[in-house]
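Worth saying up front: this structure is predicted, and the values here are computed from it rather than measured.
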Amino acid sequence: MNAAPAAVATADIFIWLGMVLAISFLEAPLKFRAPGVDIPIGLAIGRIVFRVLNRVEIALALIALAAVAIGRPTGSVAALTAAILIILAAQLIAIRPQLNRRTDRVLAGQHPPRSSMHLYYVGLEAAKVLTLAALGTCLLVAA
């Protein structure tokens, strides 16, 4: 891969990886341990945080896609980039709307039944972390 696009993509991917690790695996679970933070308050905070995170992720995905596209990627870089885009799309299109509807119900005072959607989202977050780490490593080697 060409050096300049590889450098941009590498920085972008590692920034993205750091954000996902910090928010999804630190902030999200820890906020519920804070005194006075009940489920509705935690969900309201989480909704705001993840809405912004997802917007930033879209921007980072577009930057990575552009850098990889113009950088003559190796097969592994192209495949991992595609995998990241698919994971993010699955989270934003298939899972987040369902999580948002459930959060709306909780914030309205209802008690909806438990949902497995949160587990799917967390599973995709873990897959995203591994894929971002692999892509960043491939980009470092390809530069």
Quick one: CD1 on Ile13 to CD1 on Ile63, what's the gap to the nearest 0.5 Å?
10.0 Å
If you count every heavy atom of other residues, nucleotides or ligands that lies below 6.0 Å from Phe14 atom CZ, does the total exceed 12?
yes
Thr10 and Leu135: side-chain contact (heavy atoms from CB on, under 4.5 Å), yes or no, with the steps?
CA-CA 8 Å; Thr10 302; Leu135 178 54; over 6 Å; no
Measuring from Arg101:CZ to Met117:CE, what's the distance to the nearest 0.5 Å?
10.0 Å
Look up atom CE in Met1 and atom OG1 in Thr74, then write down how far apart they are to the nearest 0.5 Å.
8.0 Å
Please answer: with hydrophobic residues joined when any side-chain heavy atoms are less than 4.5 Å apart, are Val122 and Val20 in the same cluster?
no
Would you tell me whether Glu57 and Gln91 have side-chain atoms, one donor and one acceptor, within less than 3.5 Å of each other?
no
Do you know the tightest heavy-atom contact between Ile84 and Trp16?
CG2-CH2, 3.0 Å
Do Ile15 and Asp12 have side chains that get closer than 4.5 Å, going by heavy atoms?
no
With Asn2 via side-chain hydrogen bond (donor to acceptor under 3.5 Å, both in side chains) - residues at least two apart:
none
Close side-chain approach of Val106 to Arg102, heavy-atom, < 4.5 Å:
yes
Take Leu30 and Arg33, measure what side-chain contact (heavy atoms from CB on, under 4.5 Å) needs, and give me the verdict at the end.
CA-CA 5 Å; Leu30 290 176; Arg33 292 180 151 181; 4.1 Å; yes
Non-hydrogen atoms of Thr131 and Ala83 that approach each other most closely
CG2-CB, 4.0 Å
If you compare all heavy atoms of Pro29 against all heavy atoms of Ser24, which two are closest, and at what distance to 0.1 Å?
CD-O, 3.6 Å
What are the two closest non-hydrogen atoms of Leu80 and Cys138, and how far apart are they?
CD1-SG, 3.7 Å
Please step through side-chain contact (heavy atoms from CB on, under 4.5 Å) for the pair Asp104 and Gln110, ending with a clear verdict.
CA-CA 9 Å; Asp104 288 341; Gln110 299 175 13; over 6 Å; no
Please report the interatomic distance OG1(Thr81) to CD1(Ile86), rounded to the nearest 0.5 Å.
11.0 Å
Ignoring hydrogens, what is the shortest heavy-atom contact between Gly46 and Lys31? Give both atom names and the distance.
CA-NZ, 3.6 Å
Apply the test side-chain contact (heavy atoms from CB on, under 4.5 Å) to residues Leu21 and Leu26: give CA-CA distance (whole Å), side-chain angles for both, the deciding distance (0.1 Å), then the verdict.
CA-CA 7 Å; Leu21 286 170; Leu26 285 176; over 6 Å; no
Specify the closest pair of heavy atoms between Pro73 and Val77, including all atoms of both residues, with the distance to one decimal.
CB-CG1, 3.8 Å
Could you tell me if the side chain of Phe25 sits less than 4.5 Å from the side chain of Val129, heavy atoms only?
yes
Could you grab the distance from atom OH of Tyr121 to atom CG of Leu92, nearest 0.5 Å is fine?
6.5 Å
Determine, using the 4.5 Å side-chain heavy-atom cutoff (strictly less than), whether Val56 and Leu17 are members of one ILVMFWY cluster.
yes
Side chains of Phe50 and Ile23: closer than 4.5 Å at any heavy-atom pair?
yes
Could you state whether Val8 and Ile70 fall into the same hydrophobic cluster, counting links through intermediate Ile, Leu, Val, Met, Phe, Trp or Tyr residues with side-chain heavy atoms under 4.5 angstrom apart?
no
When rounded to the nearest 0.5 angstrom, what distance separates CE in Met19 from CD in Glu27?
11.5 Å
